[in-house]
Amino acid sequence: MLQKISDGSTKEKLLEAAKKEFMQNGFLKASLRTICKNAGVTTGALYFFFHDKEDLFDSIVKPVIDHATQILAEHFKHEDSLLSGSGPVLMQTLVHEANKKDSAKGDLSTALAIFRYLYSHYDEFILIVQKSQGTKWEGCVNSFVDWNYKHLKSIADSYCKSHGKKKIKPFVLRMVSNSQINCFVNIVLNIPSFKEAEKHLPYVMHYLVGGWCTLFDENI
């Protein structure tokens, strides 16, 4: 019996049934009994693999969050390395060339990688953004806003210090971070496919990067 329960196919059936149940009812209203029934297993089999309902939800969404985080972290790390080296010069170039279409090329490449991944895991994205109430993931978007804000602040403070400009106000940087992250979220929520989103992303990134660079010219 133990060997039967521990079969990998049993776990996959549970995850598949759980994703459907969470998508339909959200985390709070999802029924473990229904999940087990649709997976064709007993509750004992479920608890063999997962501690509880939240552990089951985590197993579905965490790999997606981890991978998206990794892509963004690598982009942040690259920008930080530029800033610590010839960063001020590159920042100045970016600021003065924000009206050129290729000024957002690096950000566009990162955005495309993230969107390509999110669209290939669309159900998991919806679970995180719209169905995670009652779990630690319900504030996930705000966590990304906070993380992005810290990165933007680091870049802005470094640039302003090296050019003798007054710092950009924190509430402005937080507003920028919020608009950037929620722009990405709303693209996935409202555009049905990656192919369609890919057409719009160059314009969106040009707008976002251009607006970001304008802050340094205005020295708000």
Side-chain angles (χ1 to χ4, degrees), residues 64-115 117-118 125 128-130 132-133 135-191 197-198 200-220:
V64 175
I65 288 290
D66 287 348
H67 190 77
T69 299
Q70 182 182 359
I71 296 172
L72 199 55
E74 288 174 357
H75 179 65
F76 285 172
K77 185 178 180 180
H78 174 66
E79 290 190 335
D80 288 341
S81 67
L82 293 178
L83 200 61
S84 63
S86 55
V89 175
L90 293 177
M91 274 295 296
Q92 189 171 29
T93 300
L94 184 59
V95 168
H96 290 296
E97 296 188 357
N99 63 327
K100 295 184 179 179
K101 286 186 177 181
D102 63 351
S103 64
K105 192 173 290 183
D107 296 275
L108 175 59
S109 177
T110 300
L112 284 170
I114 292 175
F115 278 111
Y117 183 74
L118 291 180
F125 172 81
I128 294 163
V129 175
Q130 296 186 326
S132 61
Q133 186 179 6
T135 76
K136 63 184 179 183
W137 304 107
E138 63 178 306
C140 185
V141 173
N142 289 332
S143 295
F144 272 91
V145 170
D146 290 341
W147 184 29
N148 189 46
Y149 161 75
K150 291 175 183 177
H151 178 65
L152 295 180
K153 188 174 186 304
S154 174
I155 291 176
D157 287 352
S158 179
Y159 177 80
C160 291
K161 181 180 179 180
S162 66
H163 287 76
K165 295 187 176 185
K166 63 181 180 181
K167 288 184 178 181
I168 298 174
K169 293 180 175 64
F171 82 87
V172 174
L173 293 173
R174 186 165 290 280
M175 181 176 63
V176 171
S177 178
N178 186 70
S179 66
Q180 288 178 349
I181 297 300
N182 280 284
C183 177
F184 284 13
V185 169
N186 280 287
I187 286 174
V188 184
L189 290 178
N190 292 288
I191 298 180
E198 190 176 16
H200 301 290
L201 274 176
Y203 302 100
V204 172
M205 295 308 300
H206 181 55
Y207 165 77
L208 291 175
V209 174
W212 162 245
C213 291
T214 299
L215 292 179
F216 297 92
D217 281 342
E218 296 296 331
N219 199 24
I220 295 175

Original post:
Among V185, L118, V188, N186, which residue meets the side-chain contact (heavy atoms from CB on, under 4.5 Å) test with V129?
Top reply: V185
Subject >> pair E198-L112: side-chain heavy atoms closer than 4.5 Å >> reply: yes
Subject >> Side chain proximity check, Q130 to L189, heavy atoms < 4.5 angstrom >> reply: yes
**OP:** Evaluate side chain to side chain contact (heavy atoms under 4.5 Å, CB included) for H206 paired with L108, printing each intermediate quantity in order.
**Re:** CA-CA 8 Å; H206 181 55; L108 175 59; over 6 Å; no
**OP:** Rounded to the nearest 0.5 Å, what's the gap from OG1 on T110 to CZ on F115? Could you check?
**Re:** 11.5 Å
Original post:
Are any side-chain N or O atoms of S162 and backbone N or O atoms of S158, one a donor and one an acceptor, separated by less than 3.5 Å?
Top reply: yes
Subject >> Exercise: identify the closest heavy-atom pair between N148 and Q180 >> reply: ND2-OE1, 2.8 Å
Subject >> Reported CZ-to-SG distance for the pair F125 and C140, which is rounded to 0.5 angstrom >> reply: 9.5 Å
**OP:** Tell me, with the steps shown, if K161 and D157 meet side chain to side chain contact (heavy atoms under 4.5 Å, CB included).
**Re:** CA-CA 6 Å; K161 181 180 179 180; D157 287 352; over 6 Å; no
**OP:** Over all heavy atoms of both residues, which pair between A197 and I191 is shortest? Give the atoms and the distance, please.
**Re:** N-CG2, 3.5 Å
Original post:
Is there side-chain contact between Y149 and V176, with heavy atoms separated by less than 4.5 Å?
Top reply: no
**OP:** Working to the nearest 0.5 Å, report the span between CG of L201 and SG of C183.
**Re:** 8.5 Å
Subject >> T214 (side chain) donor-acceptor with G210 (main chain) under 3.5 angstrom >> reply: yes
**OP:** Kindly indicate whether the side chain of W147, heavy atoms from C-beta on, has any atom under 4.5 Å from the side chain of L152.
**Re:** no
**OP:** Measure the spacing between CG of N178 and CZ of F171 and express it to the nearest 0.5 Å.
**Re:** 13.5 Å
Subject >> Student check: side-chain heavy atoms of N142 and I181 closer than 4.5 Å >> reply: no
Subject >> Smallest separation among heavy atoms of L208 and F184, with atom names >> reply: CD1-CE1, 3.9 Å
Original post:
Quick one: does H67's side chain get under 4.5 Å of I71's, heavy atoms only?
Top reply: yes
Subject >> CZ on F76 to NE2 on H151, rounded to 0.5 Å >> reply: 5.0 Å
Original post:
To the nearest 0.5 Å, what is the distance between CD1 (I168) and CH2 (W212)?
Top reply: 5.5 Å
Original post:
Under 6.0 Å from the CD atom of Q133, do we count more than 12 heavy atoms belonging to anything else shown?
Top reply: no
Subject >> Which atom of E138 lies closest to which atom of S132, heavy atoms considered >> reply: CA-OG, 3.2 Å
